[in-house]
Trainee: 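There's a structure below that I have some questions on.
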Amino acid sequence: MLEKTYDPNDTERRIAVAWEKAGVFRAGAGADARAETFSIVIPPPNVTGSLHMGHALNNTIQDILIRFERMRGKNVLWQPGMDHAGIATQMVVERKLYEKKQSRKEMGRKKFIQCVWNWCHDSGAIIANQLRRLGISCDWSRERFTMDERFSDAVLEVFVSLYKKGLIYKDKQLVNWDPKLLTAISDLEVEQKEIKGNLWYFRYPLEGVLFNPLDSSTFVVVATTRPETMLGDVAIAVNPNDRLHAKLVGRRVILPFVGRKLSIISDDSVDPESGSGLVKITPAHDFNDFDIGRRHRLALISVLDRKADIVLKKNFEFMKGLERSFLLNELILKLDGQNRFVGRKKILEMMKEAGYLHEIKPYSHMVPHGDRSGVPIEPILTDQWYINAAELAKPAISSVHECSTNLIPKGWKKTYFYWMDNIKPWCISRQLWWGHQIPAWYGPDGKVFVEKTEKEAEAVALHYYGQKMRLVRDQDVLDTWFSSALWPFASLGWPQKTEDLNMYYPTNILVTGFDLIFFWVARMMMMSLHFMDQVPFRTVFMHALVRDKSGAKMSKSKGNVVDPLQLMDEYGADALRFSLVMMAGQGCDLKVDSARIAGYRNFCTKLWNAARFCKMNAPMQDFDFVPEETQLNVNRWVLTELTRVSSHVTESIASYRFHEAATALYSFVWNTFCDWYLELIKPLLQNSSHSDLIEIKGCVSWCLDNVYKLLHPFMPFITEDLWAMSKTARSDLLAVTRWPLLHFRDEGAADDMNWLVELVSAIRSLRGDLSLPSKLQVVLVIVGADDFDCKRLSSYQSMIKRLARIEKITFFNESPTLAAQMVFRNMILCIPIGSLLDVEVEQVRLRREIEKILKKIAKITEKLSNNQFIEKAKSEIVMAERKRLEEYQILKERTERALAFFDSNN
RNA sequence: GGGCGAUUAGCUCAGAUGGCAGAGCACCUCGUUUACACCGAGGGUGUCGGGAGUUCAAGUCUCUCAUCGCCCACCA
């Protein structure tokens, strides 16, 4: 005998092992030689990560598709793997070292990298096991890592190839610099945050007049949010159409303290409405100013170093040709080596003291921050490697236009195009140690040799110099997303021409969160199209992001992280999976609420108990059940409903409407199968012929077996477990059993049983209105039944009696006295309850009923008397309305008759 | 500043191609009917955010306004 409740913990662990042992997740397992393929590459989780709700959702969706297609007999590959996650992993390991009072720098690069590798080996298995715990069925025998040897080979191949085509190049540009992590980052890794600060208005004295803070003709006013960069100012710009200020063009101002002479220039990009209308230009510390500087050939004067500390003394260009005034000396003394925040304060003090501070206005504006470090980034002039993304984007754009790749939901196309159409060079070098080191070697004269190996680089250098020269390798590593972009083809063995690539590329679908559309999806499109000449996936399914109960993003610092492992321990992996799917509509947010997960845990218990009932009442039969051979309408009905739900589920999964599939199954199992079918057959189990009993028992088990199959992609553990216990299970695991394709339908039986369900519900509702004790058996008197009704009533009377607690059904022409009445279709149902009946209450109830009906009738009549409606609406709609009207009129007439009976007998 | 999405029952949300407003949870009443109390039966009057338009017909399509959220953007 089974326990009353399902215990997921033991079961899930046991079954996960069984699957793995049987090798059923191997690519192509169980498929025919000529089967269609279906492939997915997993979004590789960070190697140091641990399972969070986003992973749980993402992998559940993929697993549903994979299990579904595997059961449909396809040759399925789900390629797993992990990402080395450059910055993230390096940060984690550095933090660990810091706890041990060690540092990366002291350790040296080689040792540090070894340390990271050790950490990866330890940590990598954790998330893989957590994914197994969730039941995901990827082929772990083929696990790949974005830093493994074969993958590195792909990375080198791509880098060298793009370099030689001129699509990768080195450039000295302003770059987003993270002063905490001390590396360049790409535009995408910059987060704009609104900061409430000030706008400071400075007075810069005009050249050739004596500066007087009280005389506005002796200075110009410029506004800035970044006072600390003023020492790098090289010009002042105004809009040429700014009537107020354009006349200043050509004059010069003196940069306070420093004494540098700044020309006032005109440039279209200046907004005369903004700030004071005059902008100070600091090309070394601002992207916009950098462009203006380039247009006007202005000098670049850098006053911040890589740590964003102010550097004055060491700055040769800054000092050149300047007399060091007293003030300048003082400035250097106060500022040199200070960090940017202190520097700002000190500059402001000095400006104020010297009368150069004109005004301060509170001002809130967007300040770029590093997404990992959280500190404000600095635009800094450095040498970095870039990809010409605009070039690579072209085929990636047209492929989506041509629908070679479909984005779901399709609204994301617009976002994709907008970004791709405006894509800028992608900075791919990072000043980190953990990652793919850039395959570039430099000769003594700085000449760069880009080759896959040092040997090859040396060979080329030998040819170039005519003699052997010492080469030094570029110290930088590549952006993690550079290697992630190769995932769909490199994980299948590229650059080798592998059988896997042949068979499984392009993949069918990529499942990912919409937050990765630029970081990852777009870049995979670019790289894959360039190197494979084919899209990486036919479909991209973008799902919502998991939020907490109140809709906020989960983060460790907020402490609102919901741990999927804990939820699985509490409710089981199946319940978690089911709730994620139920919530994964196509919105943007998905709120996790444990009450809901508990609800699906209850659903597991419900299913478990249906199986338990089956085991108790319909144990093993040596019987090959064939739906077409059934005789009993109750069976033919439930089989019809099962066919309906199975095709609904199949269609829904195939079109990625997972929520719909899950809802259909939930409602079939709970409402149709448990609440009605099992209740309906209970009386039959005690009191039926042998052949009927065999049919019923066969039908119950057969339905459950099919339910297990249909539910398996959603709830793999419990269904596998129940499958193993069910009579029809031979040695096969459910995971590789064929998906059911059901055809049996008997609409007549379905009509009968749906009528029965409605009838019983109506009687129960009437009983409820009368507050009859549920144990009380009553007599049901039926008035106005026709032959058809009578036939139905007698065929199903044992079911009706049991489910509605009726001791006897009789037929009358008139309603009996002291009976509660209710109209059901064209009959009046009466329950004579004698003195228990409160006639007045009944009258009120019936009157209210009539009122409702009249409203409906009025509405439909209005519709039908509208000629436009009759003329223009589809004929089946008009017919349906007429039929409804007829039904309501019968209802009205019968209800009035019931009421009249009371009125006349009172 | 631009783009996208949301607004439906107390809460969380479903409602493809317009045609009788739904589910789960919560709540109330009743119930130890031999699978399940993680259960069963019964219980819903919601200006479908406001306004306008198209249509015989609008939660659904168009416009507009409001509120909220997200993404993108170099603006001092």
Side-chain angles (χ1 to χ4, degrees), chain A residues 2 4-6 187 192 199-201 222-226 237 269-271 274-282 286-292 363 365-366 368 379 409 411-412 414-415 418-419 422 514-515 517-518 545 549 551 553 571 575 579 582-583 585-593 595-596 598-617 655 657 659-660 663 666-667 674-675 678-679 682 686 760-761 764-769 771-775 802-805 856 859-860 863 866-874 876-878 880-881 884:
Chain A
L2 296 177
K4 276 191 175 183
T5 53
Y6 166 66
D187 297 344
Q192 303 288 341
L199 192 57
W200 289 276
Y201 291 75
V222 292
T224 181
T225 52
R226 303 223 38 208
S269 70
V270 178
D271 175 4
S274 192
S276 64
L278 294 115
V279 196
K280 57 190 214 53
I281 306 299
T282 324
D286 183 281
F287 288 102
N288 197 32
D289 291 4
F290 183 82
D291 289 340
I292 296 179
Y363 188 70
H365 62 140
M366 301 301 259
W412 290 109
K414 205 164 177 174
T415 311
Y418 182 80
W419 192 71
N422 296 290
F514 64 79
D515 52 331
I517 186 164
F518 307 140
L545 299 186
K549 214 168 23 184
K553 212 168 177 171
Y571 303 108
S579 14
M582 284 296 238
M583 293 185 287
Q586 306 204 327
C588 277
D589 299 342
L590 184 158
K591 290 167 200 165
V592 176
D593 177 9
R596 193 127 184 219
Y600 298 120
R601 183 267 323 268
N602 297 353
F603 178 58
C604 290
T605 309
K606 190 74 185 175
L607 181 68
W608 179 262
N609 275 288
R612 190 162 172 263
F613 174 84
C614 176
K615 237 178 150 42
M616 289 164 72
N617 292 287
S655 51
R657 298 194 309 268
H659 147 90
E660 211 171 295
T663 308
Y666 182 95
S667 130
C674 292
D675 287 347
L678 291 184
E679 293 305 323
K682 272 178 188 174
Q686 291 160 356
V760 171
S761 302
R764 282 171 174 172
S765 176
L766 180 58
R767 292 181 61 119
D769 286 344
S771 305
L772 295 182
S774 50
K775 255 185 166 175
R802 182 184 161 107
L803 295 182
R805 312 246 116 204
K856 294 271 188 190
K859 214 173 155 188
I860 302 169
K863 223 176 190 181
N866 180 346
N867 284 332
Q868 302 265 36
F869 174 71
I870 306 290
E871 280 165 31
K872 293 189 179 169
K874 279 175 270 176
E876 61 263 34
I877 299 289
V878 179
E881 287 296 319
R884 273 183 67 210

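In what follows, every chain begins at residue 1, and chains take the letters A, B, ... in the order their sequences are listed.
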Trainee: Residues two or more places apart in sequence or in another chain: which of them pass side-chain hydrogen bond (donor to acceptor under 3.5 Å, both in side chains) with K682(A)?
Mentor: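 By the side-chain hydrogen bond (donor to acceptor under 3.5 Å, both in side chains) rule, K682(A) matches E679(A).
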Trainee: Kindly indicate whether the side chain of L607(A), heavy atoms from C-beta on, has any atom under 4.5 Å from the side chain of Y6(A).
Mentor: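 No - every pair of side-chain heavy atoms lies 4.5 Å or more apart.
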Trainee: Please work out if D271(A) contacts a base, only the sugar-phosphate, or nothing of the nucleic acid, heavy-atom cut-off 4.0 Å.
Mentor: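 Base contact - D271(A) has a heavy atom under 4.0 Å of at least one base atom.
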Trainee: Scan R601(A) against the nucleic acid and name what it touches under 4.0 Å (heavy atoms): base, sugar-phosphate only, or nothing.
Mentor: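 Base, at least one base heavy atom under 4.0 Å.
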Trainee: Contact class for N422(A) vs. all strands (heavy atom < 4.0 Å): base, sugar-phosphate, or nothing?
Mentor: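 Contact class for N422(A): none.
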Trainee: Touch check for K606(A), heavy atoms < 4.0 angstrom, all strands: base, sugar-phosphate only, or nothing?
Mentor: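 It contacts base atoms.
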Trainee: Strictly under 4.0 angstrom, non-hydrogen atoms only: write out the protein contact profile of nucleotides 23-34 of chain B, one letter per nucleotide from the 5' end, B, S or -.
Mentor: --------S-BB
Trainee: Which is true for S274(A) with a 4.0 Å heavy-atom rule: it touches a base, it touches only sugar-phosphate, or it touches nothing?
Mentor: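 Base contact.
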Trainee: Under 4.0 Å, heavy atoms only, any strand: does R767(A) hit a base, just the sugar-phosphate, or nothing?
Mentor: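 The answer is nothing, as R767(A) stays clear of every strand by at least 4.0 Å.
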Trainee: Contact class for V270(A) vs. all strands (heavy atom < 4.0 Å): base, sugar-phosphate, or nothing?
Mentor: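 Base, at least one base atom sits under 4.0 Å.
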Trainee: Please work out if C604(A) contacts a base, only the sugar-phosphate, or nothing of the nucleic acid, heavy-atom cut-off 4.0 Å.
Mentor: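 Result for C604(A) = nothing.
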Trainee: For the residue pair V878(A) and F869(A), establish whether any side-chain heavy-atom pair is separated by less than 4.5 Å.
Mentor: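 Side chain of V878(A) against side chain of F869(A), heavy atoms only: contact under 4.5 Å found.
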Trainee: Select base, sugar-phosphate, or nothing to describe what Y363(A) touches, counting heavy atoms under 4.0 Å on all strands.
Mentor: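 Y363(A): backbone/sugar contact only, no base atoms under 4.0 Å.
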Trainee: Which dot-bracket string describes RNA chain B (Watson-Crick N1-N3 plus N6-O4 or O6-N4, or G-U N1-O2 and O6-N3, all under 3.5 Å; [ ] crossing; | other strand)?
Mentor: (((((((..((((.....[..)))).(((((.......))))).....(((((..]....))))))))))))....
Trainee: As a test of the definition: with a 90° window around 0 for syn, would you call rA16(B) syn or anti?
Mentor: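 What rA16(B) shows is a syn base, its glycosidic angle lying within 90° of 0.
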